[in-house]
Peer 1: 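Take a look at the following structure, please.
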Amino acid sequence: MSNPLYDALFAPHEGQDTPFLYLPDGTTLTHASFLRSVDRTANTLASLGVQPADRVAVHVAKSPAALALYGACIKAGAVFLPLNTAYTLTELDYFVRDSGAALFVCDPGEAADVTPFAERAGCRLMTLGADGQGSLADLAASQDAAFDTVARGAEDLAALLYTSGTTGRSKGAMLSQKNLLSNAKTLVDTWRFTSDDVLLHALPIFHSHGLFVATNVSLIAGGSMIFLPKFEVDAVLDALPRATTMMGVPTFYTRLLDEPRFTRELVEHMRLFISGSAPLLAETHERFEARTGHRILERYGMTETSMNTSNPYDGERRAGTVGFPLDGVEIEVHDPETGAALPHGEIGVLWVRGPNVFHGYRGMPEKTREELREDGFFITGDLGLIDDRGYIHIVGRGKDLIISGGYNIYPKEIELFLDALPGVRESAVIGAPHPDLGESVVAVLVPETGATLDPARIEEAARRDLAGFKRPRRIEILDALPRNTMGKVQKNLLRETYASVFQPVAG
Ligand code: MLC
Ligand code: AMP
């Protein structure tokens with residue numbers, strides 16, 4: 001038996017002195033050198049007792065060593081569990097417990113704080129810093145640069161990615177080798193990636209977009225990446241002349257458009273710009289084309305499914321649409337109430353089926369049954385329609401979800417946190433349009449009778465317990481929440497009331 005994901009993504013590059021990562025310090029990491037690091041790290045995992053199917057939770061800065069840890073997990077048959085670097089200790093404690101991780105690799109600076117809960121969870125702790133230093137690296141340095149690939153089947157799990165949920169409790173989406181491999185292969189073909197491509201990589205590597213889309217596609221194609229620690233306009237402008245392709249969330253593109261140095265000449269040589277993870281406004285698409293002559297290719301995906309649709313490479317890339325289902329992926333539109341299939345042109349919930357669709361939420365069979373049907377269709381919770389030319393339009397969300405700068409925030413999680421604060425009777429959290437982040441978080445709070453709420457104290461508590469991107473950027477205090485006759489909070493009214501709180505004041 002083989003290890004299909006390792007065999008397709010990594011094995012072909014063993015011993016190849018071709019460029020893989022262009023790093024900010026001006027050095028280049030070759031495929032061969034990267035793969036030696038993967039082998040040493042795989043031996044390190046084995047020496048720490050990590051077994052096939054064990055979860056390896058990873059909360060570290062973006063670095064070549066962090067990417068080698070991903071490769072090592074695949075090679076050793078372990079399940080890679082990357083965690084958003086913005087998560088707080090409270091959040092990390094949950095993920096380590098819920099995943100039953102065998103090993104937790106964290107930043108050296110947080111090791112002392114996470115030790116108590118890693119011990120409680122019976123999980124080993126190692127460290128890896130942004131500079132590639134730490135106890136994991138120390139151990140890896142003395143390991144062999146050769147490791148026998150652990151055999152895995154297509155249905156074996158390769159990754160566990162947490163996505164927040166409507167109940168406020170994050171769910172671990174189980175992704176198999178087949179899920180990741182089928183999607184990466186399809187994307188390479190759809191977007192015509194080759195070994196000549198140099199992808200500008202400024203995304204985080206703890207989410208589907210930066211890891212499974214950008215990195216897996218580059219690995220399969222045998223191309224290279226300009227590997228930036230994060231999105232910073234100056235560094236991106238500096239790197240663009242050396243890139244052939246770029247992937248980003250819409251905020252990347254609006255920030256570039258705000259920059260006069262972002263010109264047609266700078267990107268004339270580029271082959272492709274791709275956007276996803278959040279809606280790209282048709283206006284941004286049009287401004288981008290007017291400025292650069294490039295039409296951004298928008299695609300649509302999710303943690304649970306990786307990518308589902310894409311605008312065509314050769315055909316018309318239509319602004320405001322996410323294109324067609326990828327090869328092998330089926331998309332249907334269904335009535336949210338009855339589940340009946342709807343004809344083209346009608347708005348309903350998008351259902352997705354294909355080799356990309358995940359294996360369910362870890363330890364949550366009921367939640368899995370609600371969303372993943374026996375016939376293989378996953379109910380996305382996104383509202384959309386298929387137009388007369390077959391293009392899919394995402395027109396809204398049936399799920400109560402806010403997407404800020406490409407990160408998902410479920411209001412319920414923030415509401416549960418706010419409701420537990422002293423003096424808070426109840427709360428409602430909504431998203432309001434934001435010029436930079438697409439949407440941002442507004443918290444509306446109602447105090448207990450006789451209590452006075454201090455927004456500064458609320459902010460302080462949020463800073464302690466919630467990842468920065470989830471923190472409400474606006475706090476409003478009301479005597480009561482608007483409710484309908486059934487007693488349900490009318491979030492639509494709140495959204496209307498606070499629709500322009502983040503818009504620049506005219507004049
Ligand atoms: C950072 N901050 C955010 C934020 N990112 N606030 C709201 N929304 C965000 N997305 C806050 C920090 O907490 C901090 O707050 C302040 O902004 C500055 O931090 P920063 O790190 O300097 O931020 P910045 O560089 O501006 O980051 C913005 C960003 C980044 C858009 C570049 O968020 C980003 O790279 N987003 C990409 C997300 C992504 O990869 N999504 C893919 C999901 S996969 P303070 O108060 O502490 O100063 C998926 C499937 C699919 O959805 O289809 O792809
Ligand atoms: P995540 O849970 O981070 O995987 O986010 C997945 C969600 O992001 C989807 O369910 C959509 O709501 C949204 N999304 C991803 N790509 C797009 C897109 N191109 N347009 C609109 N929404 C998108």
Side-chain angles (χ1 to χ4, degrees), residues 61-62 82 84-88 161-166 170-171 173 175 183 187 201-215 228-236 247-256 274-282 284-285 296-311 317 319-323 349-350 352 356 358 371 378-384 392-410 431 434 436-441 459 462-464 466-473 502:
K62 181 177 177 182
N84 192 321
T85 48
Y87 286 146
T88 61
L161 254 60
Y162 275 84
T163 116
S164 42
T166 42
S170 287
K171 306 165 288 183
L175 293 153
N183 212 239
L187 295 178
H201 194 305
L203 288 157
I205 54 168
F206 44 72
H207 271 312
S208 183
H209 196 164
L211 191 62
F212 303 142
V213 187
T215 306
L228 302 178
K230 58 183 292 210
F231 182 88
E232 265 169 341
V233 165
D234 286 345
V236 169
M247 293 185 192
V249 297
T251 300
F252 287 16
Y253 295 112
T254 50
R255 286 189 185 179
L256 284 172
I274 301 175
S275 175
S277 305
L280 181 77
L281 296 179
T284 309
H285 190 280
I296 298 175
L297 184 155
E298 186 173 7
R299 59 42 170 198
Y300 155 66
M302 304 182 69
T303 300
E304 289 90 337
T305 61
S306 296
M307 300 304 103
N308 297 316
T309 75
S310 171
N311 267 279
R317 298 176 194 165
T321 82
V322 294
V349 179
L350 300 179
V352 182
N356 55 324
F358 75 138
E371 294 178 17
F378 175 62
I379 303 173
T380 64
D382 289 312
L383 298 176
I392 294 168
H393 302 235
I394 311 275
V395 299
R397 294 175 208 132
K399 51 195 176 190
D400 193 11
L401 166 70
I402 301 166
I403 305 185
S404 167
Y407 287 143
N408 286 8
I409 302 156
Y410 272 93
H434 189 284
D436 179 41
L437 299 165
E439 289 176 300
S440 197
V441 180
E459 281 209 37
R463 218 167 252 285
R464 187 188 58 230
L466 297 176
F469 67 91
K470 297 181 194 167
R471 229 170 35 234
R473 292 301 192 262
F502 298 121

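Atoms within each ligand, like the ligands themselves, are counted from 1 in listed order.
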Peer 1: Any idea which protein heavy atom is nearest atom 21 (C) of ligand 2, and the distance to it?
Peer 2: Pro279 N, 3.5 Å
Peer 1: I'd like to check atom 16 (C) of ligand 1 in this structure: does the protein have a heavy atom lying under 4.0 Å from it?
Peer 2: no
Peer 1: Just to check, does Ser208 reach to within less than 4.0 Å of ligand 2 when the distance is taken from its heavy atoms?
Peer 2: no
Peer 1: Out of curiosity, is Glu304 lining ligand 2, as in a heavy atom under 4.0 Å away?
Peer 2: no
Peer 1: Mind checking whether Tyr300 has a heavy atom under 4.0 Å from ligand 1?
Peer 2: no
Peer 1: Tell me the nearest of Ser306, Ser404, Gly438, Ala462 to atom 10 (N) of ligand 1, using heavy-atom distances.
Peer 2: Ser404
Peer 1: Would you please determine whether Thr380 falls within less than 4.0 Å of ligand 2 on a heavy-atom basis?
Peer 2: no
Peer 1: So is Lys470 touching ligand 1 or not, going by heavy atoms under 4.0 Å?
Peer 2: no
Peer 1: Quick one: nearest non-hydrogen protein atom to atom 12 (O) of ligand 2, plus distance?
Peer 2: Asp382 OD1, 2.6 Å
Peer 1: Hey, looking at atom 40 (O) of ligand 1, which of Gly468, Gly406, Pro204, Ala202 has the closest heavy atom?
Peer 2: Pro204
Peer 1: I'd like to check which ligand 2 atoms, numbered from 1 as shown, lie under 4.0 Å from a non-hydrogen atom of Thr303.
Peer 2: 1 (P), 2 (O), 3 (O), 4 (O)
Peer 1: Who's the nearest protein heavy-atom neighbour of atom 6 (C) of ligand 2, and how far?
Peer 2: Gly301 O, 3.6 Å
Peer 1: With a 4.0 Å heavy-atom cut-off (strictly under), which part of His207 contacts ligand 1: side chain, backbone, both or neither?
Peer 2: side chain
Peer 1: Give me the residue, atom name and distance of the protein heavy atom closest to atom 6 (N) of ligand 1.
Peer 2: Arg473 NH2, 3.0 Å
Peer 1: Can you tell me which residue and heavy atom of the protein come closest to atom 13 (C) of ligand 2, and the distance to 0.1 Å?
Peer 2: Ile403 CD1, 3.4 Å
Peer 1: If you measure from each non-hydrogen atom of Glu459 to ligand 1, which part falls under 4.0 Å: side chain, backbone, both or neither?
Peer 2: neither
Peer 1: Which residue owns the protein heavy atom closest to atom 1 (C) of ligand 1, what's the atom, and how far is it?
Peer 2: Phe469 CB, 4.8 Å
Peer 1: Closest non-hydrogen protein atom to atom 47 (O) of ligand 1, residue and atom name please, with distance?
Peer 2: Arg471 NH2, 3.6 Å
Peer 1: So which protein heavy atom does atom 21 (O) of ligand 1 come closest to, and at what separation?
Peer 2: Lys230 NZ, 3.4 Å
Peer 1: Measure the distance from atom 3 (O) of ligand 2 to every protein heavy atom, then report the residue, atom name and distance (to 0.1 Å) of the closest one.
Peer 2: Asn408 ND2, 3.1 Å
Peer 1: Run the numbers for me: atoms of ligand 2, each under 4.0 Å from some heavy atom of Glu298, listed by number.
Peer 2: 18 (C), 19 (N), 20 (N)
Peer 1: List the atom of Leu161, the atom of His207, and the distance in Å for their closest heavy-atom pair.
Peer 2: CD2-C, 4.3 Å
Peer 1: Determine, using heavy atoms of His207 and all atoms of ligand 2, whether some pair is separated by less than 4.0 Å.
Peer 2: no
Peer 1: For Ala278, which part has a heavy atom under 4.0 Å from ligand 2: side chain, backbone, both, or neither?
Peer 2: backbone
Peer 1: Identify the protein heavy atom lying closest to atom 16 (N) of ligand 2, giving its residue, its atom name and the separation to 0.1 Å.
Peer 2: Ser277 N, 3.1 Å
Peer 1: For residues Arg255 and Pro250, determine if any side-chain heavy atom of one lies less than 4.5 Å from a side-chain heavy atom of the other.
Peer 2: no
Peer 1: Do Met302 and Asp382 come within less than 4.5 Å of each other through their side chains, counting heavy atoms only?
Peer 2: yes
Peer 1: Between Lys171 and Glu371, does at least one N-O distance fall below 4.0 Å, as a salt bridge requires?
Peer 2: yes
Peer 1: Closer than 4.0 angstrom, basic N to acidic O: yes or no for Glu439 and Arg397?
Peer 2: yes
Peer 1: Using heavy atoms and a threshold below 4.0 Å, how should the contact between Arg299 and ligand 1 be classified: side chain, backbone, both, or neither?
Peer 2: side chain
Peer 1: Could you identify the single nearest non-hydrogen protein atom to atom 49 (C) of ligand 1 and state the distance to 0.1 Å?
Peer 2: Ser277 OG, 3.7 Å
Peer 1: Measure the distance from atom 33 (O) of ligand 1 to every protein heavy atom, then report the residue, atom name and distance (to 0.1 Å) of the closest one.
Peer 2: Tyr407 CE1, 3.4 Å
Peer 1: Of all heavy-atom pairs between Val236 and Ala202, which one has the smallest distance, and what is that distance?
Peer 2: CG2-CB, 4.3 Å
